[in-house]
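Reviewing the structure listed below.
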Amino acid sequence: MSIQEKIIAAAMGGVKDLYGAEVPEKMIQLQETRPEFEGELTLVVFPLLRTSKKAPEATAQDMGQYLTEKCPELISKFNVVKGFLNLSIASAQWIQMLEEIEHNHKYGFTPVTEQSPLVMIEYSSPNTNKPLHLGHVRNNLLGWSLAQIMEANGNRVVKTNIVNDRGIHICKSMLAWLKYGNGQTPESTGKKGDHLIGDYYVAFDKHYREQVKELVAQGMDEETAKQEAPLIKEAHDMLVRWEQNDPEVRALWKKMNDWVYAGFDETYKALGVSFDKIYYESETYLEGKEKVEEGLAKSFFYRREDGSVWADLTKEGLDEKLLLRSDGTSVYMTQDIGTAKLRFQDFPIDKMIYVVGNEQNYHFQVLSILLDKLGFKWGKDLVHFSYGMVELPNGKMKSREGTVVDADDLVATMVQDARAMSEDKIKKLEGITEEETAEIARIVGMGALKYFILKVDARKNMLFNPEESIDFNGNTGPFIQYTYARIRSILRKAEAQGITIPETLPTGAELSAKEVSLIQHLHGFAAAVRQAGADYNPASIATYCYELVKEYNQFYHDFSVLREEDPAKQVVRLALSAAVAQVVKNGMSLLGIEVPERM
RNA sequence: GGUUCGGUAGCUCAGUUGGAUUAGAGCAGCAGCCUUCUAAGCUGCGGGUCAAGGGUUCGAGCCCCUUCCGAAUCACCA
């Protein structure tokens, strides 16, 4: 039972003994005491006034008296400010709490068992016609972090990726490669496959627009020209041949997609993300048609004279939604239904989370209704983890204007910056090798990038200015990593000096306010993990880590661990430091951020 | 126009189910602190009509209503 729970139980008893009435638990409002007042926990008595029929001060006084007399081992003293009863908790209680946290290396995490709910998280979901950019980076980091958080909350997690590997956009790249590629390959050019394909996508667009321009110059109106340009016709023709399983087109398609996948794999590896199961739209898009036919048979959907199939969602306050085109081919929605079908065949999903940008809020609103109608039990409560766009100072990223921030470039820049940053500092570290230096630069650079993105509330659009490098000081990933490295250094030195943390901590030591506050904050990790899971909110974990570390740095500045002469105080401080390091490491792992032993 | 989501310091962002005279961090600016466990740190100063107005109550940045500003979306594109 935690200290909070003990106090709440005692306070409920107090209300009954003092005022003769049972009150529900939520009437006992316990919160952390503000730093400017004495005490650690505060009981807000306003909700109890109706029961006590006394003034706030008098009620708080009653309760304070009762609690100190009833549980002297728990509460050492109290003070009353208006309707706020500030309680000082006995040092021994805090030390005991610290001991529990320090012993449990997975403190705050709920174990996963065979019976745990199965949560599938879809994220990343790239197109195979261009390399990943900053928007994908946000998606991947959020998806990965969310997966870690769900797992820490005791869910079995299946991370999945749906690759959009078919459609007109891939045909454009293929066609451009055939026309202008001269047989280039990733090997012959030394270029990552995804970047190579991206170049051809751009090349297609360039030539296509030239053709359109030419047709317009010949007097054709622009809309017609866009449809009549020979290149786009060829691309459409290629798509038809693809759908007809033309061996030549399929072979080219496979070859080029494989180049892209090899490129993506490198980027995913650098970002530290992975998937348990990858789906390809080329394999799922036909499945959706069957489900639509099923829905048609059950009259969930209807067919128009031209043959197209629609869902009427006006009763749900939405529009009518197209599910199959008049030529019988499927649209985006149909594919998502097909993918859902396959997924449910593969896994007994209890909850489905889609990590997809907020531009698709409407799509998922509709998808949820459709999946529910079609009998997917998780359809109704599917979670669209909707995140905002990454904007540049002059607006959105636009590939046509060349303002896209490339994922690989960004990663390389971050690691480079971290390297430059650490150059002079790291030399001070004893016996540092080139490998370790490079590894630290990687960890710190990625830490800065990941934290920069994840600390922002996912729902919000966020700003990235390529002109300004991402910070390494202040509220940043490296700041947190640095604190971890400092603690590890203390722990190494303590070990070398033969100072160890005993199984049972001495409870006699008097704790400073800063130490108590740190233990309290450590204790809050479990609640922070729970909250992050309930809200699907990685940013709250980032904030938690920052605040914990900020507090530890103050402690670090004001107190010494190794030079403390009272052995009881020393081991408590050592245990406190070890616990902070452990919680920081676990917290950062929920963000997919590694922590270095030295930096 | 409908729907959804945002608006907090010069800039980037926190702010748990409503709680305490003074709404917090970081960056940028200024001023201090390294013979002592790593200065990627610590301390201090300046900086705000929490978009505006009304309401609910012991109490509102947070809840309700109206208005203003911004974003996304409302395709036989994905």
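Because the structure is predicted, anything quoted here is derived from the model rather than measured. Letters A, B, ... are given to chains in the order of the sequence lines, protein chains preceding strands, and every chain is numbered from 1.
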Please report the distance separating the [atom1] of [N] from the corresponding atom of [M], rounded so that it comes out in whole Å.
{"N": "A72(B)", "M": "C63(B)", "atom1": "C1'", "answer": "26 Å"}
{"N": "G53(B)", "M": "G46(B)", "atom1": "C1'", "answer": "31 Å"}
{"N": "C30(B)", "M": "C13(B)", "atom1": "P", "answer": "24 Å"}

request  = Let me see the working for Lys289(A) and Glu293(A) under salt bridge (Lys or Arg N to Asp or Glu O under 4.0 Å), right down to the final yes or no.
outcome  = CA-CA 6 Å; Lys289(A) 292 189 189 181; Glu293(A) 293 296 338; over 6 Å; no
Under 4.0 angstrom, heavy atoms only, what part of the nucleic acid is [X] near: base, sugar-phosphate, or nothing?
{"X": "Asp165(A)", "value": "nothing"}
{"X": "Arg459(A)", "value": "sugar-phosphate"}
{"X": "Tyr362(A)", "value": "sugar-phosphate"}
{"X": "Ser386(A)", "value": "nothing"}
{"X": "Ser489(A)", "value": "base"}
{"X": "Val456(A)", "value": "sugar-phosphate"}
{"X": "Gln360(A)", "value": "base"}
{"X": "Leu562(A)", "value": "base"}

note = Residues of residues 278-289 of chain A with a heavy atom under 4.0 Å from any atom of RNA chain B, listed by number, are Glu281(A)
Just how far, in rounded Å, is [atom2] of [N] from [atom1] of [X]?
{"X": "Ile337(A)", "N": "A78(B)", "atom1": "CD1", "atom2": "C1'", "value": "15 Å"}
{"X": "Tyr544(A)", "N": "C13(B)", "atom1": "OH", "atom2": "C1'", "value": "20 Å"}
{"X": "Phe84(A)", "N": "U21(B)", "atom1": "CZ", "atom2": "P", "value": "8 Å"}

Within residues 545-582 of chain A or reaching into it, pairs that qualify as ring pair (Phe, Tyr, Trp, His ring centres under 6.0 Å) - sequence neighbours excluded = Phe479(A)-Tyr546(A), Tyr552(A)-Phe555(A), Phe555(A)-Phe559(A)
message = Let me check I have this right: for RNA chain B, each base becomes ., (, ), [, ] or |, based on Watson-Crick or G-U pairs with both distances under 3.5 Å. What is the full string?
response = (((((((..((((.....[....)))).(((((.......))))).....(((((..]....))))))))))))....
Whichever of Ala458(A) and Thr42(A) has its nearest RNA chain B nucleotide further upstream toward 5' = Ala458(A)
request  = Kindly check if the number of other-residue, nucleotide or ligand heavy atoms within 6.0 Å of CD (Glu565(A)) is above 12?
outcome  = no
message = Can you see if the side chain of Arg492(A) gets near the phosphate of C37(B) - specifically, an N or O under 4.0 Å from OP1 or OP2?
response = no
task = Considering just the side-chain nitrogens and oxygens of Lys460(A), establish if one lies under 4.0 Å of OP1 or OP2 belonging to A71(B).
result = no
key: salt bridge (charged side-chain N to carboxylate O under 4.0 Å, His left out) contacts in which one or both residues fall within residues 318-336 of chain A, not counting sequence neighbours   = Arg304(A)-Glu320(A)
note = In short, salt bridge (charged side-chain N to carboxylate O under 4.0 Å, His left out) pairs touching residues 480-501 of chain A with sequence neighbours left out are Arg488(A)-Glu597(A)
Under the rule for side chain to side chain contact (heavy atoms under 4.5 Å, CB included), what residues qualify as partners of [X], not counting sequence neighbours?
{"X": "Gln360(A)", "result": "Tyr332(A), Val356(A), His363(A), Phe364(A)"}
{"X": "Val571(A)", "result": "Pro502(A), Pro506(A)"}
{"X": "Asn153(A)", "result": "Ile149(A), Asn155(A), Val529(A), Arg530(A)"}
{"X": "Leu429(A)", "result": "Ile426(A), Ile432(A), Arg598(A)"}

query = When syn is taken as a glycosidic angle within 90 degrees of 0, is C68(B) syn or anti?
reply = anti
Partners passing side-chain hydrogen bond (donor to acceptor under 3.5 Å, both in side chains) against Tyr387(A) (at least two apart in sequence or in another chain) = Asn139(A)
message = Checking side-chain polar atoms at under 3.5 Å, does Asp165(A) have a donor or acceptor matched by the opposite partner on Ser282(A)?
response = yes
message = Does anything in residues 440-457 of chain A form a side-chain hydrogen bond (donor to acceptor under 3.5 Å, both in side chains)? List the pairs, not counting sequence neighbours.
response = Glu439(A)-Arg442(A), Arg442(A)-Glu594(A), Tyr451(A)-Asn475(A), Asp457(A)-Arg459(A)
request  = Could you encode protein contacts along nucleotides 39-47 of chain B as a string, one character per nucleotide from 5' to 3', using B for base contact, S for sugar-phosphate-only contact and - for no contact, with a heavy-atom cut-off of under 4.0 Å?
outcome  = SBSSS----
